[in-house]
Amino acid sequence: MDLVTVKDKQFAISLSEERIRQRVAETAAQISQDLEGKNPVFLAVLNGSFVFAADLMRGISIPCEINFVRFSSYEGMNSTGSVKELLGLNQSLKGRTVVVIEDIIDSGLTMQELLVYLQKFEPTDLKVASLLVKPGNMQVKLDIDYTCFEIPNDFIVGYGLDYDGFGRNLPAIYTVVEG
Ligand code: IMP
Ligand code: MG
């Protein structure tokens with residue numbers, strides 16, 4: 001078995017570079033077909049989606065733009081709870097077809113909040129492309145337009161996804177080995 005160690009845990013290969021390459025190319029072709037003539041703006045959500053976004057973009061064959069954004073929570077001075085803010089958005093989304101690029105949708109809570117937030121910028125159309133989805137963990141109902149892979153609830157690393165900051169550089173996707 002192809003095992004790697006990231007920090008204190010062992011991981012086994014789950015999706016090979018070749019499988020990811022093929023599926024990402026297929027997804028890019030589908031998006032290019034569906035959004036022909038729409039000049040979409042891609043919003044890649046940092047950090048996790050940077051590898052997926054780079055590969056997906058190179059498969060897009062229609063005119064498009066990309067922004068890299070970070071959706072982070074901060075504690076307001078007198079706030080009752082955490083408030084989310086979007087960093088890095090440097091163009092108008094008004095009247096545009098927007099495609100959010102995520103690495104993984106787990107509970108779905110982050111994406112749900114992000115979509116509500118993005119609606120304020122008045123895009124004409126708001127779509128979601130996620131490399132991975134864990135349907136077994138989903139706590140909210142989300143309409144995910146493009147999913148490359150549905151995976152079990154186990155923790156994974158690689159291809160941009162991290163375990164405590166490490167493992168993003170792995171070219172394939174690996175699942176934690178419990179032991
Ligand atoms: P959620 O959908 O709001 O639960 O959160 C999704 C976020 O949790 C992702 O953007 C990842 O940063 C992180 N995440 C969820 N599952 C994993 C995993 O298996 N490996 C690495 N990060 C994960
Ligand atoms: Mg993420």
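Numbering of ligands and ligand atoms starts at 1, following listing order.
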>> Would you call the rings of Phe11 and Phe155 parallel, tilted or perpendicular, taking 30° and 60° as the class edges?
In response: tilted
> With a 4.0 Å heavy-atom cut-off (strictly under), which part of Lys134 contacts ligand 1: side chain, backbone, both or neither?
Replying inline: side chain
>> Exactly one of Val4, Leu161, Val51, Ile13 should register a side-chain contact (heavy atoms from CB on, under 4.5 Å) with Leu170. Which one does?
In response: Val4
> Can you list the ligand 1 atoms lying under 4.0 Å from a non-hydrogen atom of Thr110?
Replying inline: 1 (P), 3 (O), 5 (O)
> Which ligand 1 atoms are under 4.0 Å away from a heavy-atom of Asp162?
Replying inline: 21 (C)
>> Quick test of your reading: applying ring-ring contact (aromatic ring centres under 6.0 Å, His included), list the pairs with at least one residue in residues 13-61, sequence neighbours left out, ordered by first then second residue.
In response: none
Which donor-acceptor pairs under 3.5 Å do side chains of residues 92-101 form with protein atoms, sequence neighbours excluded?
from	atom 1	to	atom 2	distance (Å)
Ser92	OG	Lys94	N	3.2
Arg96	NH1	Glu65	OE2	2.9
Arg96	NH2	Asn39	O	2.7
Arg96	NH2	Glu65	OE2	2.9

> Considering distance alone, does some N or O of Gly108 sit under 3.5 Å from an N or O of ligand 1?
Replying inline: yes
> Would you say Ile156 and ligand 1 have an N/O pair spaced under 3.5 Å apart?
Replying inline: yes
> Do Glu26 and Gln30 have a side chain donor and acceptor closer than 3.5 Å?
Replying inline: no
>> Could you check whether any heavy atom of Asn47 sits closer than 4.0 Å to an atom of ligand 1, since that is the contact criterion I want to use?
In response: no
